[in-house]
Structure formats: C-alpha cells, structure tokens
Amino acid sequence: SVHTRDQVELPPPVIDNRLTLHPLWPEIDRISTEQIQAAFEGVGGEIGWQLFAEEGDMRMYRREMEVDGMVTDPLKAMHKVRGVTAREMCHYFFNPRYRYEWETTLETMTIVEEISSDALVFHQTFKRIWPASQRDALFWSHVRQSSENAYATTNHSTTNVEYPANTGACIRLFVTVCLACRTTYPAGEQPTRDNVTTSIAYCSTVNPGGWAPAGVLRAVYKREYPKFLKRFTSYVVEQCKGKPIAI
Ligand code: 6CM
C-alpha cells in the first residue's frame, strides 16, 4: 500500500528495537509503565484531589504539595475529544515538528538525541515568568501503544553532559508528564471520524528547581494548564480534518 510521509511517522504500534538497545531503556520502560497506569486510574476515589478547572468535558485536578518550600503540585486532567484517535493525539504531542504550533510556554526547543522512532531527548527553554528566573528542561520523550486502541506519551527529566544544569541564565526544572489516550467506537462498526471518541488523561508534576514564588507559580499553572489542553486538543482536531483516520 502507499504510505504518505505522515502515516510512516505515526507512533509505531510496537517498541522500536533501537530504543530497547539504548542505555536509557530500562528507565524509560519503567517510568512510562508507571505513569501510564497512574494516568488511567481515576481521581474519583482518591482523597486530596481538588477540581480547579472545568469546561465542557475537561476536568482538571491538583494536589497541593511542596518539597523544600517549592511548589510541586501534581496535576491531573481528563478530557474527551471526538473525531480523533489516541494514536493521532500522541503523534502530535510527541513529534517536535508541531510543538511550536500548540506549546505557548515554549521559547526554544532543541532535539538533543534521536534515540529511535519512538524516543527523543529534548532541551527546552520556557518563557520567563516575572519575578522568577527563566527555566529550562532536559527530558526524554517516549510514545507507545499501551493497549488496544490506547497510546501514551511520557516525558521525564534526564541529564546530559553537553547540557549541564544551572550554568547560564536558566534554572533547570524537573518534569514528569504523561499524556495517555484511549479511543472507543461503537461495537461492530469500523472507526471513522464520525464515531470515534478519545478519552485523555494528562498528568504533570513539575519541580521548579529553584526559588519561585508559590503564589505566582500556582496562578501560572491555573491559567496555563487549561489553556494548553484546550489549545492542544483543538489543534489536533483541526490537523486531522480531511486526513484518513489512524487507529
Ligand atoms: O506537557 C506539556 N508540554 C510538553 C512539551 O513541551 C512537555 C513540557 C513540559 C514542561 C512543563 C513546564 C511548564 C512550566 C512553564 C513555566 C515555567 C515556570 C517558571 C516558574 C516561574 C514562576 O511535557 C504542556 C505543558 C503545559 C504547561 C502549562
């Protein structure tokens, strides 16, 4: 069959061999597995999660947490999007080609290492937020099929001798993010743009890595996370319009 460039670059349904041979593989596999499992667990029964944003099918929860006086509130968001698949969602989240188009906190992005078709290492700098210092991050990113009709992208901080922390103007932040998605469609039907629904669970924990005023940080998160999830999901819906569905 004929493949377009886009189809070839969709997240592979099986782990790329090159990734399993990389020194980071044991860590990437362990953290991704943990994060994906936690993402698919609801917040319903758990205590301590407070709802802070709600709009349509989107719900965002956080747990107030501080480590050595620094805000590290875990965030968990749920959303439902019609007309796009889990694989498409994760493709647009993982692939750096699209990042500047939906990521509004970003200043620069560099691909530090191309591990495989399903794993990359990134260095990113973020827009400065007054009155704190500018932040940067260095993290691996891995996309995988987690079960039938489910895909997830996990991002987690790492180190690299060529990108040492806290040497320039930036303070290095630490991040663990997981975007886990599952697609459903009516039994007995073929998936189409008109009958698929994708449930999204997005989890994020950021340690700012150095002094940042708690009030400012919480205000930034409260404003930026809902903005990100709405913008990202509508971006994917827009990108997928008129393209063959990728399940
Ligand atoms: O998950 C998101 N984006 C991914 C691709 O860029 C990736 C990014 C993770 C970094 C998240 C850090 C956000 C913090 C930005 C503000 C800097 C704070 C400075 C403190 C000053 C008071 O996983 C979407 C991330 C959406 C974040 C709102």
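Every value quoted in this text rests on a predicted model; they were computed, and no experiment measured them. We count ligands from 1, going down the list as the structure has it; atoms in each ligand are counted the same way.
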Look at the aromatic rings of [X] and [Y] and report parallel, tilted or perpendicular, splitting at 30° and 60°.
X	Y	answer
His91	Tyr98	perpendicular
His156	Trp140	tilted
Tyr202	Tyr225	tilted

Protein contact of [atom] - nearest heavy atom, named by residue and atom, plus distance:
atom	answer
atom 28 (C) of ligand 1	Glu224 CB, 3.5 Å
atom 18 (C) of ligand 1	Ile129 CD1, 3.9 Å
atom 9 (C) of ligand 1	Val175 CG2, 3.7 Å
atom 21 (C) of ligand 1	Ala132 CB, 3.5 Å
atom 10 (C) of ligand 1	Phe126 CZ, 3.5 Å
atom 14 (C) of ligand 1	Leu173 CD2, 4.3 Å

Cationic N near anionic O, under 4.0 Å, Glu148 to Arg87 | no
So for [X], does at least one of its heavy atoms come nearer than 4.0 angstrom to any atom of ligand 1?
X	value
Phe122	no
Val220	no
Leu217	yes

Please work out whether any backbone atom (N, CA, C, O) or any side-chain heavy atom from C-beta onward of Lys227 is under 4.0 Å from ligand 1, and answer side chain, backbone, both or neither.
-> neither
Check Met109 against ligand 1 and report side chain, backbone, both or neither, counting heavy atoms closer than 4.0 Å.
-> neither
Neighbour count >12 (heavy atoms, 6.0 Å) for atom CD, Glu224 =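 Counting neighbours around CD of Glu224, more than 12 heavy atoms of other residues, nucleotides or ligands fall under 6.0 Å, so yes.
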Cation-pi between Arg63 and Trp49: NZ/CZ under 6.0 Å from ring centre and within 45° of the ring axis?
->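 Positive - Arg63 is close enough to the ring of Trp49 and near enough to its axis.
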Can you sort out which atoms of ligand 1 are near Asn155, meaning under 4.0 Å from one of its heavy atoms?
-> 4 (C), 7 (C), 23 (O)
Answer with yes or no whether the side chains of Thr192 and Asp194 bring together a donor and an acceptor at under 3.5 Å.
-> no
From the options Tyr225, Phe232, Tyr202, select the one whose nearest heavy atom is closest to atom 24 (C) of ligand 1.
-> Tyr202
Scan Val112, Thr110, Ile111, Asn155 and name whichever one has a side chain to side chain contact (heavy atoms under 4.5 Å, CB included) with Phe122.
-> Ile111
